[in-house]
Amino acid sequence: MLYRELGKTGFHVSAIGLGGEHLCTRDQKTIDAVIGRMVEAGVNIVDLFMPEEDYRDKMGKGLAPYRKKMFLQGHIGSVLQNGQSSRSRDIKTAEYYVRDFLKRYHTDYIDLGMVFFIDTEKDYQEVFETGFIDYCLKLKKEGVVRKLGFSSHMASTAYRALQHGVFDSMMFAINPAYDMIPTGTPLNEMIGGAIAGQLDPERRKLYEYCEANGIGITVMKSLGAGKLMDPAQTPFSVPLSVTQCIHYALSKPAVASALVGVQTVPELEEALRYLDASEEERDFSVIAGDLKESFRGNCMYCNHCLPCPKNIDVASVHKYLDLATVSGGQVPPSVREHYNALEHTGSDCIACGSCERACPFAVPVIANMKRAAEVFGR
């Protein structure tokens with residue numbers, strides 16, 4: 001395993017980390033197998049933003065024997081509302097889920113306490129113009145949180161948040177599709193092994209600021225929810241490999257670890273292949289060709305759009321709609337079966353718009369819910 005310094009935290013974390021979200025629906029046996037292989041390979045950082053109690057119990061049981069070897073990244077303000085994952089700046093609610101984290105992960109501290117999801121102006125105000133940031137700093141002072149960070153998808157907002165000087169680390173969404181401005185111009189300027197000719201200047205400024213100020217970055221969405229590897233969905237002329245995506249993320253300034261979401265041991269093995277890959281296999285300069293489209297408007301299945309007042313699992317509806325679309329109009333029976341098994345579907349959407357206001361990727365959720373209802377008939 002390769003290890004990197006996470007900014008000025010003093011933590012040396014594995015270059016490949018585990019994004020725990022995709023294990024949420026897996027059974028204890030699968031979770032134990034993934035964690036066991038992860039530890040064997042030397043992975044020592046895990047992101048655990050999911051607030052569901054059953055999930056925390058299963059992950060807590062699997063991680064318990066290795067707690068002292070692990071850097072646990074937990075999120076302050078990640079809560080459940082009406083049974084759905086959401087965020088809250090209510091201190092009493094956030095405190096409940098922080099204490100629940102400690103209990104279910106069998107620990108008395110969180111290595112990396114991340115203020116959950118600072119993207120919009122509203123997010124920014126609710127963290128810094130209320131008492132919420134003071135509560136987070138109190139957790140750090142008390143030792144409940146060893147280092148304080150935050151998660152974000154938006155470079156300009158993340159940059160503003162960092163100007164307060166209170167954060168040690170940042171979890172940020174990084175992959176070539178998010179970084180590139182799709183002008184159609186060949187991307188042929190190379191800097192330090194990373195394509196820079198069309199790198200969004202706001203993102204460049206953010207990464208360079210973090211590097212200069214010792215703010216360590218852990219990466220989410222490095223695989224673009226799997227779309228970068230799919231010939232039908234990648235915005236590039238050719239699909240990328242898992243190895244190329246990981247290498248791209250690790251090539252950015254200040255990045256210490258790419259947190260890869262996996263559901264099974266074979267998926268983890270695919271990520272770990274990066275460690276033995278050749279420079280040719282890691283080379284992602286193939287994206288210097290043409291961009292087919294921007295990722296803006298594409299669902300990443302991250303569930304940041306929740307909670308939904310009608311309890312629609314918005315990410316799952318999008319996932320099955322994407323699968324139906326890729327299938328050329330003939331919906332595979334298995335996809336239709338999974339969609340029909342959803343308790344609430346696209347036809348339940350009341351077009352309130354709360355999802356679209358919360359979505360960091362400008363996905364036209366209301367239109368997609370209507371489309372899903374048309375495609376699947378409900």
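Because the structure is a prediction, the values reported are computed rather than measured.
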Cluster check [X], [Y]: I/L/V/M/F/W/Y, side chain < 4.5 angstrom:
{"X": "V145", "Y": "F116", "result": "yes"}
{"X": "Y3", "Y": "F11", "result": "no"}
{"X": "M114", "Y": "L102", "result": "no"}
{"X": "M70", "Y": "L112", "result": "no"}
{"X": "M171", "Y": "I133", "result": "no"}

**Prompt:** Honestly, is R89 close enough over F132, meaning NZ or CZ under 6.0 Å from the six-membered ring centre and within 45° of the axis?
**Reply:**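 That pair qualifies as a cation-pi contact.
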**Asked** Y109 ring centre to R67 NZ or CZ under 6.0 Å, with the angle to the axis within 45°?
**Response**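 Flagged: R67 positioned over aromatic ring of Y109.
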Which pair of heavy atoms, one from [X] and one from [Y], lies closest together, and at what distance?
{"X": "L23", "Y": "I31", "result": "O-CD1, 3.8 Å"}
{"X": "Q28", "Y": "G62", "result": "NE2-N, 3.9 Å"}
{"X": "A254", "Y": "I215", "result": "CB-O, 3.6 Å"}
{"X": "S85", "Y": "E52", "result": "CB-OE2, 4.2 Å"}
{"X": "S354", "Y": "P307", "result": "OG-O, 4.1 Å"}
{"X": "A249", "Y": "V219", "result": "CB-CG1, 4.0 Å"}

The criterion is ring-ring contact (aromatic ring centres under 6.0 Å, His included); which residues satisfy it with [X], sequence neighbours excluded?
{"X": "H338", "answer": "Y320"}
{"X": "F117", "answer": "H153, H304"}
{"X": "Y55", "answer": "none"}
{"X": "Y159", "answer": "Y209"}

Heavy atoms from other residues, nucleotides or ligands near [atom1] of [X] exceed 12 (cutoff 6.0 Å):
{"X": "Q163", "atom1": "CD", "answer": "yes"}
{"X": "Q125", "atom1": "CD", "answer": "yes"}
{"X": "D27", "atom1": "CG", "answer": "yes"}

Please determine whether a side-chain nitrogen of the Lys or Arg among [X] and [Y] lies less than 4.0 Å from a carboxylate oxygen of the Asp or Glu.
{"X": "K227", "Y": "D322", "value": "yes"}
{"X": "K61", "Y": "D57", "value": "no"}
{"X": "D100", "Y": "R56", "value": "yes"}
{"X": "R371", "Y": "E374", "value": "no"}
{"X": "E142", "Y": "K138", "value": "yes"}

Distance alone, cut at 3.5 Å: any donor-acceptor contact between the side chains of [X] and [Y]?
{"X": "Y248", "Y": "D179", "answer": "yes"}
{"X": "D47", "Y": "H75", "answer": "yes"}
{"X": "Y135", "Y": "E95", "answer": "yes"}
{"X": "D119", "Y": "S152", "answer": "yes"}

Using residues 257-264 as the side-chain source, report each donor-acceptor pair under 3.5 Å to any protein atom, sequence neighbours left out, with the distance given to one decimal.
residue: S257; atom: OG; partner: S14; partner atom: O; Å: 2.7
residue: S257; atom: OG; partner: G17; partner atom: N; Å: 3.3
residue: T264; atom: OG1; partner: E267; partner atom: N; Å: 3.3

Could you pull out all residues at least two apart from [X] that satisfy side chain to side chain donor-acceptor pair (under 3.5 Å)?
{"X": "S241", "answer": "Q244"}
{"X": "K310", "answer": "none"}
{"X": "R336", "answer": "none"}
{"X": "H318", "answer": "N368"}

**Request:** For the pair F172 and T218, evaluate side-chain contact (heavy atoms from CB on, under 4.5 Å) and give the outcome as yes or no after the intermediate values.
**Result:** CA-CA 6 Å; F172 197 65; T218 58; over 6 Å; no
**Prompt:** Can you list the other members of the hydrophobic cluster that holds V79, where links are side-chain heavy atoms under 4.5 angstrom apart?
**Reply:**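 Direct or chained contacts put V79 with L80, Y96, Y97.
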**Item:** Residues clustered with M154, ILVMFWY side-chain links under 4.5 angstrom
**Value:**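 Grouped by the 4.5 Å side-chain rule, M154 forms a cluster of one, so the answer is none.
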Interatomic spacing from [atom1] in [X] to [atom2] in [Y] - rounded to 0.5 Å:
{"X": "I16", "Y": "L268", "atom1": "CD1", "atom2": "CG", "answer": "8.5 Å"}
{"X": "L148", "Y": "F167", "atom1": "CG", "atom2": "CZ", "answer": "5.5 Å"}
{"X": "N213", "Y": "L162", "atom1": "CG", "atom2": "CG", "answer": "8.0 Å"}
{"X": "C24", "Y": "M50", "atom1": "SG", "atom2": "CE", "answer": "3.5 Å"}
{"X": "C245", "Y": "F284", "atom1": "SG", "atom2": "CZ", "answer": "10.0 Å"}
{"X": "C355", "Y": "I366", "atom1": "SG", "atom2": "CD1", "answer": "5.5 Å"}

**Asked** Are R104 and E53 close enough, and set up right, to give a side-chain contact (heavy atoms from CB on, under 4.5 Å), and what steps lead you there?
**Response** CA-CA 8 Å; R104 297 182 192 279; E53 293 179 355; 3.3 Å; yes
Contact check, side chains of [X] and [Y], non-hydrogen atoms, under 4.5 Å:
{"X": "I174", "Y": "Y207", "answer": "yes"}
{"X": "V331", "Y": "V375", "answer": "yes"}
{"X": "I118", "Y": "S151", "answer": "no"}
{"X": "Y66", "Y": "N44", "answer": "no"}

**Prompt:** Are T157 and E121 close enough, and set up right, to give a side chain to side chain donor-acceptor pair (under 3.5 Å), and what steps lead you there?
**Reply:** CA-CA 7 Å; T157 309; E121 177 64 25; over 6 Å; no
Check for a donor-acceptor pair, side chain of [X] on one end and backbone N or O of [Y] on the other, with a separation under 3.5 Å.
{"X": "T9", "Y": "L6", "value": "yes"}
{"X": "R378", "Y": "N340", "value": "yes"}
{"X": "E281", "Y": "S278", "value": "yes"}

**Asked** Can L342 and V317 be said to form a side-chain contact (heavy atoms from CB on, under 4.5 Å), step by step?
**Response** CA-CA 8 Å; L342 295 173; V317 171; 3.9 Å; yes
**Message:** For F128 and H164, take the angle between the two ring planes, folded into 0 to 90°, and tell me which bin it lands in: parallel under 30, tilted 30 to 60, perpendicular over 60.
**Reply:**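 If you compare the ring of F128 with that of H164, the planes turn out parallel.
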**Request:** Would you check, one step at a time, whether the test side-chain contact (heavy atoms from CB on, under 4.5 Å) holds for M1 with L275?
**Result:** CA-CA 7 Å; M1 179 56 67; L275 300 170; 3.8 Å; yes
**Request:** Using the test side-chain contact (heavy atoms from CB on, under 4.5 Å), find all partners of T120 that sit at least two apart in sequence or belong to another chain.
**Result:**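 side-chain contact (heavy atoms from CB on, under 4.5 Å) list for T120, sorted by chain: K122, D123.
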